[in-house]
K.L.:
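Quick one: the structure is below, questions incoming.
Naming: A, B, ... by sequence-line order, numbering from 1 per chain.
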Amino acid sequence: MTVRTRFAPSPTGYMHIGGMRTALFSWLWARHNNGQFILRIDDTDQQRNMDEALGPILDAFRWLGLDWDEGPEVGGPHGPYFQSQRRQLYDAALSKLLDSGKAYRDFEAPADTQTQREAAEKEKRVYVSSRVSLQLSEDQVAKNVTDGQPFVVRLLIPRADKVVLNDHIRGKVEFDCSLMPDPVIARNDGSPLYNFATVVDDAEMEITHVIRAEEHLSNTPIQILLHRALGNKTPEWAHVPYVASPGSKEKMSKRRIDKYRTSPQFQKLFELGDLVLSRIGIDPKSNDLSPVMVAYYREVGFLPAGVLNALVRLGWSLDDQTEILSLAEMKRKFSLDRVIKSAAGLDPDKMLSFQSHWMSELPAKEKLYGCLHMLKRAGLIDDEDDKETQAKVASIIELAADRLRVFGDIFQLDEFFVADDELKIDDKNFQKRVVKPENAVLLLHDLRRRLSDIDNFTAQPLHELLQSFAAEKQVKVGDIFPALRLCVTGKAQGVDLFRSLELLGKACVLRRLDRAIGLAESHRVP
RNA sequence: GGCCCCAUCGUCUAGUUAGGUCUAGGACAUCGGAUUUUCAUUCCGGUAACAGGGGUUCAAAUCCCCUUGGGGUCACCA
């Protein structure tokens, strides 16, 4: 039997990071078993712009490299893959249930149903459907229908039964049917509801394993009952725990983003994100893009491998050691029985650590392209394809080394891209190391002269020059290096100073030095 | 509230199915130390957990029960 799994998102306009993890598990299980992964769009209740709503979801899959064998854009033998276009299937299944008496038309007014529900709640009694419409004779039902009496179709729950499911992750779970109201499976106009459409589609698409989030566990007995009523072979189930927000056990949610913003666990991620997004023209305070969404990580400059690695280790482990896994390895080694049962909180720190690892593994060329793209978006370079620009950026990346965890980190080296008079100088440190010390400006004046005299403006000679300069002036290198750094990069610390000087070039270094000295002097004489 | 699910370091987890090899292992974070002109890296080391209570057993993180805590779900949403 070929394993067939599916992911069935509703087109919401964004891809949830937790949903992505569920999808990953589902994809992994299919691929691990050389099976098929199907994407189906649950749009029974949507009337919005499909491109806008579905685009980001497909983009997220493509970005992470999770392909689908059947679904939107690729089609397949069980299409269409949009529930809104599969009405005939649902109609047929509905007639079948109605004809066999396994479902019934319920003419009870919604208000009445609601009242009973509330009454039951008030009396602390379990609510089950009144089934008054079941008393109606066949003729009466027919008459009601022709009269246009509104109704819904409900599945007739076999109240004497128990539903036992053997979940791949949760083990044996039992539900008592006597406690279940008859669920509505179709509206008056015959349009199907989620539970019903899902069952019809899962059967028609020959899904063998339904791998989905834990919150669907309570839907499962209904779906099993529906499969039985329809005479389908019931698929196997695996209910994956949801992804919780950092430091809590609550399901991560787009709506709580403002709360996450102030959570200490999320701090680093938001700081990083804010910095990068504001550079590339995305309002970081807008909630259109947030760490709840897959797109956030792409925009900030995460690698698919980093995100994937973080996601797969959320609720799944291979053994007591393995942390780093490529997609290919995951595919080989994934198994459902090693998925944990409890909800796991997303850990931004660990995510960033995975990301750092995969960034360090990335070939230089790809690092270059990623950074070029970022710089271009921020307007810090004009032409991504310009050879000279590429060579410069490549050198900067090499300088940055492991400081570059995400592509957006390239902005922390913006001193190499901004115009001299736009260089921002860390004022607090500038005061401390340049303005306040008695001899600093004097030393810098001297140093400037020496620097302008040097012909071979490369790291090694520069280093030697600085060293002998310090010795000659009888100052500690620790006094002069930081001051110089502040003047030419604006920062108190950073990448190798001498290679930075080399890269910036003599002219630029001298200009910046002049500007900084001027600034320091004007500071001093207020 | 009903139903269902879950419970090991701050976090992600190994160990639970087949009780002993667990004085509970790893990773991230954190704190020291070494390296580094600075920062980052790297290396070395430290702190840190079986929710509580009862059983069963020679032996319990592991099995059973209760309590507590956390979560999900209770729609003519998906």
K.L.:
Which whole number of Å gives the distance between the C1' atom of B:rA61 and that of B:rG1?
P.N.:
33 Å
K.L.:
Checking contacts here: which listed nucleotide (B:rC6, B:rC4, B:rU13) is nearest the side-chain heavy atoms of A:Leu217?
P.N.:
B:rC4
K.L.:
Measure the distance from CG on A:Asp496 to P on B:rC39 and round it to the nearest whole Å.
P.N.:
13 Å
K.L.:
Using a heavy-atom cut-off of under 4.0 Å over every strand shown, decide if A:Arg117 touches base, sugar-phosphate, or nothing.
P.N.:
sugar-phosphate
K.L.:
Kindly point out which of B:rA14, B:rG26, B:rA29 is positioned nearest to the side chain of A:Arg313?
P.N.:
B:rG26
K.L.:
Please report the distance, rounded to the nearest Å, between CD in A:Gln267 and P in B:rU11.
P.N.:
18 Å
K.L.:
Can you check whether A:Arg170 has a side-chain N or O nearer than 4.0 Å to OP1 or OP2 of B:rU17?
P.N.:
no
K.L.:
Please state the P separation for the pair B:rU42 and B:rU67 - nearest whole angstrom.
P.N.:
49 Å
K.L.:
Looking across every strand, which nucleic acid part, if any, lies under 4.0 Å from A:Gly494 by heavy atom: base, sugar-phosphate, or nothing?
P.N.:
base
K.L.:
Hey, does the side-chain of A:Asp347 have a donor or acceptor N/O within less than 3.5 Å of a partner on the base of B:rA29?
P.N.:
no
K.L.:
Between B:rC77, B:rG72, B:rC74, spot the one nearest the side chain of A:Arg187, thanks.
P.N.:
B:rC77
K.L.:
I want to verify a distance call: between B:rA40, B:rU37, B:rA78, whose nearest atom is closest to the A:Asp402 side chain?
P.N.:
B:rA40
K.L.:
Can the ring centroids of A:His239 and A:His168 be said to lie less than 6.0 angstrom from one another?
P.N.:
no
K.L.:
Among the nucleotides B:rC12, B:rA78, B:rC74, which one has an atom lying closest to any side-chain atom of A:Lys350?
P.N.:
B:rC12
K.L.:
Can you identify which nucleotide, out of B:rC77, B:rG26, B:rC39, has its nearest atom closest to the A:Arg403 side chain?
P.N.:
B:rC39
K.L.:
Nearest to the side chain of A:Gln321, which nucleotide is it out of B:rC76, B:rG25, B:rC28?
P.N.:
B:rG25
K.L.:
Taking any heavy-atom pair under 4.0 Å as a contact, classify A:Arg405: base, sugar-phosphate, or nothing.
P.N.:
nothing
K.L.:
Just the rounded figure in Å: distance from C1' of B:rA27 to CG of A:Leu318.
P.N.:
14 Å
K.L.:
Grab the NZ-C1' distance between A:Lys251 and B:rC5 for me, whole Å please.
P.N.:
13 Å
K.L.:
How about A:Thr322 and A:Asp319: do any of their side-chain heavy atoms sit closer than 4.5 Å?
P.N.:
yes
K.L.:
Among B:rU13, B:rG2, B:rU37, which is the nearest nucleotide to the side chain of A:Leu497?
P.N.:
B:rU37
K.L.:
Output the rounded distance in Å from CD (A:Glu215) to C1' (B:rG70).
P.N.:
16 Å
K.L.:
Under 3.5 Å for both donor-acceptor distances, Watson-Crick or wobble: does B:rA18 have a partner, and if so which one?
P.N.:
none
K.L.:
Hey, are the side chains of A:Trp237 and A:Pro235 touching, using non-hydrogen atoms and a 4.5 Å cut-off?
P.N.:
yes
K.L.:
Can you see which heavy atom on A:Tyr81 is nearest to which on A:Met205, and at what distance?
P.N.:
CD2-CE, 3.6 Å
K.L.:
Report the base-pairing partner of B:rG2 (Watson-Crick or G-U wobble, both distances below 3.5 angstrom), or none.
P.N.:
B:rU73
K.L.:
Both distances below 3.5 Å, Watson-Crick or wobble geometry, any strand: find the nucleotide opposite B:rA7.
P.N.:
B:rU68
K.L.:
Would you mind pulling out the nucleotide paired to B:rC63, Watson-Crick or G-U wobble, both distances under 3.5 Å?
P.N.:
B:rG55
K.L.:
Please determine whether a side-chain nitrogen of the Lys or Arg among A:Arg450 and A:Asp446 lies less than 4.0 Å from a carboxylate oxygen of the Asp or Glu.
P.N.:
no
K.L.:
Starting at the 5' end of RNA chain B and moving along, which residue's nearest nucleotide shows up first, A:Asp176 or A:Phe354?
P.N.:
A:Asp176
K.L.:
Within the structure shown, what part of the strands sits under 4.0 Å from A:Ala344 by heavy-atom distance: base, sugar-phosphate, or nothing?
P.N.:
sugar-phosphate
K.L.:
To the nearest Å, give me how far apart CG (A:Asp337) and C1' (B:rG15) are.
P.N.:
15 Å
K.L.:
Starting at the 5' end of RNA chain B, which residue's closest nucleotide do you reach first, A:Gln493 or A:Lys172?
P.N.:
A:Lys172
K.L.:
Look at the side chain of A:Ser342 and decide which nucleotide, out of B:rA78, B:rG72, B:rC6, has an atom nearest to it.
P.N.:
B:rC6
K.L.:
I'd like to know if A:Glu250 pairs up with A:Lys259 as an ion pair, taking the criterion as any Lys NZ or Arg NE/NH1/NH2 lying under 4.0 Å from an Asp or Glu carboxylate oxygen.
P.N.:
yes
K.L.:
Set out, in order, the CA-CA distance, both residues' side-chain angles and the distance that settles salt bridge (charged side-chain N to carboxylate O under 4.0 Å, His left out) for A:Lys341 and A:Glu214, then state yes or no.
P.N.:
CA-CA 9 Å; A:Lys341 290 174 175 177; A:Glu214 180 188 5; over 6 Å; no
K.L.:
Is there a donor on the side chain of A:Glu121 or the base of B:rG2 sitting less than 3.5 Å from an acceptor on the other?
P.N.:
no
K.L.:
Distance between the C1' atoms of B:rG25 and B:rU68, in whole angstroms?
P.N.:
29 Å
K.L.:
Measuring only the P atom in each nucleotide, how far is B:rU17 from B:rC22? A whole number of Å is fine.
P.N.:
16 Å
K.L.:
Looking only at side-chain N and O atoms, does A:Lys341 come under 4.0 Å of OP1 or OP2 in B:rG70?
P.N.:
no
K.L.:
Of the nucleotides B:rC28, B:rA78, B:rG72, which one has an atom closest to the side chain of A:Tyr242?
P.N.:
B:rG72
K.L.:
Regarding A:His216, tell me which of base, sugar-phosphate or nothing describes its non-hydrogen contacts under 4.0 Å with the strands shown.
P.N.:
base
